[in-house]
A.B. asks: 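Below is one structure. I have some questions about it.
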Amino acid sequence: MTIEELNHFLERQPFWPHLAPKWQDELLRQVRQVRYESGRPVISETSDCLGMLFILSGTLRIYLQAQDGRQITIYRLHGGEPCVLAASCALSAITFDVLIDAETDCELLLLPSAFFARLMKENIYVEAFAYRLTTEHFSNVMGAMERIFFMTLEQRVAAFLIDESAELGSALVPFTQEKLAMAIGSAREAVSRTLNQLAREGCVSLSRGCIRILDKNRLYGKLSL
């Protein structure tokens, strides 16, 4: 990314016009571009607080992990979106631990956590920006918990396939059964049984590494059972 491209990207952030010139200059000195290959952890159980991330390209997966190793995806972030949970140490409102992986190859801009904390303390617009994102992310966490506690496994699988299909704009969802199980926080064997039942009912067809929705209306019907 060139200096001109970096300036253009940062100028589109809602807090940028409210920064004094000295802070704009300092931010430009502090920010750096980082790259993560697909499957690499960005925030793990053992990593230090990283900082504020802006996604230039690729997809980040934000998830929770139980003590037994089961995972549930809270949400994903894509190119152009910010990720504030990687700077959780700078945010007193975040009292839960999340993990972040690069789901695809990712190019990111990183504002180190120490500088981001100083910037938040100095500028109320940066603080408001960070806590607005935190509130949105907390809603995602609560949504994930509601799905676990109040939806059957069949409903969770159906909801996931519908959501992914809508996001991709395609009836073909390129997920293995193992990856789907990880996304919704269930065992692969249980997800496999559920998918096979949905296939027998004509809702989906299964092939290696992907799931095709055949009858979206039937899948929607599962959500109201």
Side-chain angles (χ1 to χ4, degrees), residues 1-36 40-65 72-146 163 166-167:
M1 174 177 274
T2 66
I3 294 296
E4 291 77 13
E5 290 171 334
L6 176 59
N7 277 320
H8 182 63
F9 182 89
L10 292 174
E11 285 169 1
R12 297 201 306 269
Q13 305 308 315
F15 57 82
W16 181 262
H18 304 287
L19 295 179
K22 70 173 185 178
W23 283 101
Q24 290 180 349
D25 292 341
E26 180 66 14
L27 192 154
L28 287 168
R29 285 193 293 269
Q30 291 278 347
V31 71
R32 65 179 189 267
Q33 190 169 347
V34 294
R35 185 177 189 277
Y36 288 86
R40 182 181 168 191
V42 178
I43 297 292
S44 69
E45 293 175 312
T46 58
S47 62
D48 294 328
C49 183
L50 192 59
M52 181 72 193
L53 295 173
F54 297 91
I55 306 171
L56 300 176
S57 65
T59 300
L60 293 180
R61 182 174 79 98
I62 292 82
Y63 63 99
L64 301 173
Q65 181 166 292
I72 180 168
T73 300
I74 307 171
Y75 57 92
R76 295 180 180 84
L77 293 172
H78 309 284
E81 295 185 290
C83 178
V84 72
L85 292 185
S88 59
C89 59
L91 301 164
S92 59
I94 299 181
T95 57
F96 54 90
D97 294 325
V98 297
L99 304 177
I100 303 173
D101 285 351
E103 190 164 78
T104 66
D105 291 346
C106 292
E107 295 286 345
L108 312 170
L109 288 181
L110 168 65
L111 278 181
S113 56
F115 172 74
F116 185 61
R118 285 171 49 216
L119 195 58
M120 283 181 56
K121 186 176 180 180
E122 172 68 22
N123 190 289
I124 192 171
Y125 292 95
V126 177
E127 184 179 40
F129 171 76
Y131 279 106
R132 177 181 61 80
L133 291 174
T134 303
T135 301
E136 293 173 359
H137 295 337
F138 184 72
S139 298
N140 293 127
V141 174
M142 293 305 297
M145 294 299 98
E146 287 178 359
D163 289 346
E167 183 171 327

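Start at 1 with the first residue, then count along the sequence.
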A.B. asks: Any side-chain to backbone donor/acceptor pair from N123 onto L119? Under 3.5 Å, distance only.
C.D. replies: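 Not at all, since once roles are kept as given, no pair shorter than 3.5 Å links the two residues.
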A.B. asks: Assess the residue pair L110 and V31 against the criterion (side-chain contact (heavy atoms from CB on, under 4.5 Å)); give the C-alpha distance rounded to whole Å, side-chain angles, the decisive distance to 0.1 Å, and a yes or no.
C.D. replies: CA-CA 6 Å; L110 168 65; V31 71; 5.9 Å; no
A.B. asks: Which residues satisfy the ring-ring contact (aromatic ring centres under 6.0 Å, His included) test with H78, sequence neighbours excluded?
C.D. replies: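 Partners of H78 under the ring-ring contact (aromatic ring centres under 6.0 Å, His included) test: none.
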A.B. asks: Tell me whether the count of non-hydrogen atoms from other residues, nucleotides or ligands lying under 6.0 Å of NE2 in H18 goes above 12.
C.D. replies: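 Yes.
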A.B. asks: Between I100 and L50, is a side-chain contact (heavy atoms from CB on, under 4.5 Å) present by the stated rule, with each step listed?
C.D. replies: CA-CA 11 Å; I100 303 173; L50 192 59; over 6 Å; no
A.B. asks: Mind listing the closest non-hydrogen atom pair of Y63 and T73 along with its distance?
C.D. replies: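 Distance-wise, the nearest heavy atoms are CB-CA, 3.9 Å.
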A.B. asks: Do L56 and L108 have side chains that get closer than 4.5 Å, going by heavy atoms?
C.D. replies: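 No - every pair of side-chain heavy atoms lies 4.5 Å or more apart.
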A.B. asks: Does any non-hydrogen side-chain atom of C83 lie less than 4.5 Å from one of M52?
C.D. replies: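 Not touching, per the 4.5 Å side-chain cut-off.
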A.B. asks: Which residues pass the salt bridge (charged side-chain N to carboxylate O under 4.0 Å, His left out) test with E26, not counting sequence neighbours?
C.D. replies: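 Once residues adjacent in sequence are excluded, the partners of E26 under the salt bridge (charged side-chain N to carboxylate O under 4.0 Å, His left out) criterion are R29.
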A.B. asks: Taking it one step at a time, do E5 and F9 satisfy side-chain contact (heavy atoms from CB on, under 4.5 Å)?
C.D. replies: CA-CA 6 Å; E5 290 171 334; F9 182 89; over 6 Å; no
A.B. asks: Under a 4.5 Å cut-off applied to non-hydrogen side-chain atoms, are F54 and Q13 in contact?
C.D. replies: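 Yes, side chains in contact.
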A.B. asks: Can you list every salt bridge (Lys or Arg N to Asp or Glu O under 4.0 Å) pair that touches residues 9-22, not counting sequence neighbours?
C.D. replies: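 As it turns out, there is no salt bridge (Lys or Arg N to Asp or Glu O under 4.0 Å) pair with a partner in residues 9-22 once direct neighbours are skipped.
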A.B. asks: Y125: which residues meet the side-chain hydrogen bond (donor to acceptor under 3.5 Å, both in side chains) condition with it, sequence neighbours left out?
C.D. replies: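 Y125: no side-chain hydrogen bond (donor to acceptor under 3.5 Å, both in side chains) contacts found.
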A.B. asks: Check for a donor-acceptor pair, side chain of Q30 on one end and backbone N or O of F115 on the other, with a separation under 3.5 Å.
C.D. replies: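 Not at all, since once roles are kept as given, no pair shorter than 3.5 Å links the two residues.
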A.B. asks: To the closest 0.5 Å, what do you measure between CZ (R132) and CZ (F15)?
C.D. replies: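 It is 10.5 Å, given to the nearest 0.5 Å.
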A.B. asks: Taking all atoms of both residues into account, what is the closest heavy-atom pair of W16 and L10, and its distance?
C.D. replies: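 So the two residues come closest at CB-O, 3.2 Å.
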A.B. asks: Determine whether more than 12 heavy atoms belonging to other residues, nucleotides or ligands lie under 6.0 Å from atom CG of L28.
C.D. replies: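 Enclosed: over 12 neighbouring heavy atoms sit under 6.0 Å from CG of L28.
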A.B. asks: Can you list every pair that meets salt bridge (Lys or Arg N to Asp or Glu O under 4.0 Å) and has a residue in residues 76-85, with sequence neighbours left out?
C.D. replies: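 Qualifying pairs, neighbours excluded: R76-E103, R76-E164.
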A.B. asks: Would you call L53 and P82 a side-chain contact if the rule is heavy atoms closer than 4.5 Å?
C.D. replies: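 When only atoms from C-beta onward are counted, P82 and L53 do not touch, as no gap falls below 4.5 Å.
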A.B. asks: Taking the side chain as C-beta and beyond, is there a heavy-atom pair between Y36 and P41 under 4.5 Å?
C.D. replies: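 No, their side chains stay 4.5 Å or more apart.
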A.B. asks: Heavy atoms, side chains only, cut-off 4.5 Å: are W23 and R118 in contact?
C.D. replies: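 The answer is yes; the side chains approach within 4.5 Å.
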A.B. asks: Of L99, D101, L85, which meets side-chain contact (heavy atoms from CB on, under 4.5 Å) against I62?
C.D. replies: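 Of L99, D101, L85, side-chain contact (heavy atoms from CB on, under 4.5 Å) with I62 is met by L85 alone.
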A.B. asks: Does the side-chain contact (heavy atoms from CB on, under 4.5 Å) test come out yes or no for L109 and R32, once each step is laid out?
C.D. replies: CA-CA 6 Å; L109 288 181; R32 65 179 189 267; over 6 Å; no
A.B. asks: Using the salt bridge (charged side-chain N to carboxylate O under 4.0 Å, His left out) criterion, which residues pair with E107? Sequence neighbours excluded.
C.D. replies: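 For E107 the salt bridge (charged side-chain N to carboxylate O under 4.0 Å, His left out) partners, ignoring immediate neighbours, are R35.
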A.B. asks: Looking at F116 and V84, what are the two nearest heavy atoms and their distance?
C.D. replies: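 Minimum heavy-atom separation between F116 and V84: CE2-CG2, 4.3 Å.
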